[in-house]
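Below, chain A is the first sequence line, B the second, and so on; all start at residue 1. It should be emphasised that the depicted structure is a prediction, and the values quoted were computed from it without experimental measurement.
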There are 2 protein chains.
Amino acid sequence: MINLDYRDKRPLYEQITEKFENLISSGALGADEQLPSVRQLAMELSINPNTIQRSYMELEKKNIIYSIKGKGNFVTSDTEAIRRIKTENLMTDARNLALKAAELNVPLALFVKEFEKSYLTARGDARDD
Amino acid sequence: MINLDYRDKRPLYEQITEKFENLISSGALGADEQLPSVRQLAMELSINPNTIQRSYMELEKKNIIYSIKGKGNFVTSDTEAIRRIKTENLMTDARNLALKAAELNVPLALFVKEFEKSYLTARGDARDD
DNA sequence: GTATGTGTATTAATTCAGTTAATACAGTTA
DNA sequence: TAACTGTATTAACTGAATTAATACACATAC
């Protein structure tokens, strides 16, 4: 469910937080669905439970999950809100990148091509939605 | 010439490196122009000279500046090399962004459209190279 | 009830990158 | 010679991230 990238310079708890955000906003984890327990995920990733705990705290602060003591952590019911936020963040990134590209006179076609290639590769070279 | 942002979570030497890259690629610092000395800039920014030294080492590794012992650090005369570096950085950003978009199932067309719009706006709504 | 699963909280130790500090040495210029 | 430059090295400090070891509270199944 979660893979860590030890080359990534960001802290583990941040990586984990982002992975769950993506799983949720992409619909892989639906509303009120239960997340892996702190201890189980820690075991699975071979890291300390406190690191998972920190990630879950972050997610709860952002209202992306809610927790019930003794039961577990669950995805918020308003998953569409998350998707909107993530999408808008991504669009903002796209705009900023476009401004930089324009500033450096990098040809638009070249840029779009590189972009599409990565996108399609990530999706498996097959889809077009 | 350089301003530090202590809210920025990146290390100081990285910030400084990037500032110089921008000053140079924008032409504010021309070919063979001298950079501030390690000690002087450290004094000006109230940080340790070793931090500046590290930034300059990074810039030299990237062939953006060259140094002459006893004289100082100077902007490379090969400004095209700088352009190549900046362009490659931008392409890397594009690839990473595409991966995120794919992960979040944001439709490619939507994304590319937003991108092109910003690009063309930045260029003046007129060009198409 | 007990056992075992959950979340939560706390405190200490560790690790590592970034940064500071203090020097020393080498080349340039006046 | 004096006062600049860059370069290199070693030690110490700092703070964030992570690990470690517990303890406590709640839920569920037996």
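- B:Phe111 has its ring centre less than 6.0 Å from the ring centre of A:Phe115.
- In the displayed structure, B:Glu33 atom CD is contacted under 6.0 Å by more than 12 heavy atoms of other residues, nucleotides or ligands.
- Dashed line: the shortest gap from a side-chain N or O of B:Ser37 to OP1 or OP2 of D:dT5 is under 4.0 Å.
- For the pair B:Glu60 CD and D:dG6 P, the computed distance is 11 Å after rounding to whole Å.
- In this structure, CG of A:Asn48 is placed 6 Å from P of D:dA20, rounded to the nearest angstrom.
- By the 4.0 Å N-to-carboxylate-O rule, B:Arg54 lies close enough to B:Glu58 to be salt-bridged with it.
- Heavy atoms of other residues, nucleotides or ligands lying less than 6.0 angstrom from CG of A:Asn3 number 12 at most.
- For the pair B:Tyr56 OH and D:dG6 P, the computed distance is 7 Å after rounding to whole Å.
- Counting only heavy atoms from C-beta outward, the side chains of A:Glu14 and A:Thr17 never approach each other to under 4.5 Å.
- A:Lys71 has a side-chain polar atom (N or O) that falls below the 4.0 Å cut-off from OP1 or OP2 of D:dT28.
- Residues A:Gly70 and A:Tyr6 each lie close to DNA chain D; by heavy-atom proximity, the contact nearer the 5' end of the strand is made by A:Tyr6.
- Between B:Ser46 and A:Lys69, the residue anchored closer to the 5' end of DNA chain C is A:Lys69, taking for each the nucleotide with the nearest heavy atom.
- Minimum atom distance to the side chain of A:Arg39 is reached by D:dA23, of the listed D:dT18, D:dT7, D:dA23.
- Between the CD atom of A:Gln34 and the P atom of D:dT28 there is a distance of 11 Å, given to the nearest Å.
- Membership of the apolar cluster around B:Leu41 extends to B:Met1, B:Ile2, B:Leu4, B:Tyr6, B:Leu12, B:Ile16, B:Phe20, B:Leu23, B:Ile24, B:Leu29, B:Leu35, B:Val38, B:Leu45, B:Ile47, B:Ile52, B:Tyr56, B:Leu59, B:Ile64, B:Ile65, B:Val75, B:Ile82, B:Ile85, as traced through chained side-chain contacts below 4.5 Å between ILVMFWY residues.
- Going from atom CE of B:Met57 over to atom C1' of D:dT7 covers 10 Å, rounded to whole Å.
- The CD1 atom of B:Ile68 sits 15 Å away from the C1' atom of D:dC4 (whole-angstrom rounding).
- Ion pairing between a basic and an acidic side chain is recognised when a charged N comes within 4.0 Å of a carboxylate O; B:Glu18 and B:Lys62 show no such pairing.
- Note on B:Leu110 and B:Leu99: separate hydrophobic clusters, where clusters join Ile, Leu, Val, Met, Phe, Trp and Tyr whose side-chain heavy atoms are under 4.5 Å apart, directly or indirectly.
- When DNA chain C is scanned 5' to 3' for any atom under 4.0 Å from a heavy atom of chain B, the first and last hits are C:dG18 to C:dT29.
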Under-3.5 Å N/O pairs linking protein and nucleotides 15-17 of chain D:
unit_1: D:dA17; atom_1: OP1; unit_2: A:Tyr13; atom_2: OH; d: 3.4

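- For the residue pair B:Lys86 / B:Asn22, a side-chain donor-acceptor distance below 3.5 Å is found, with atom types taken as modelled.
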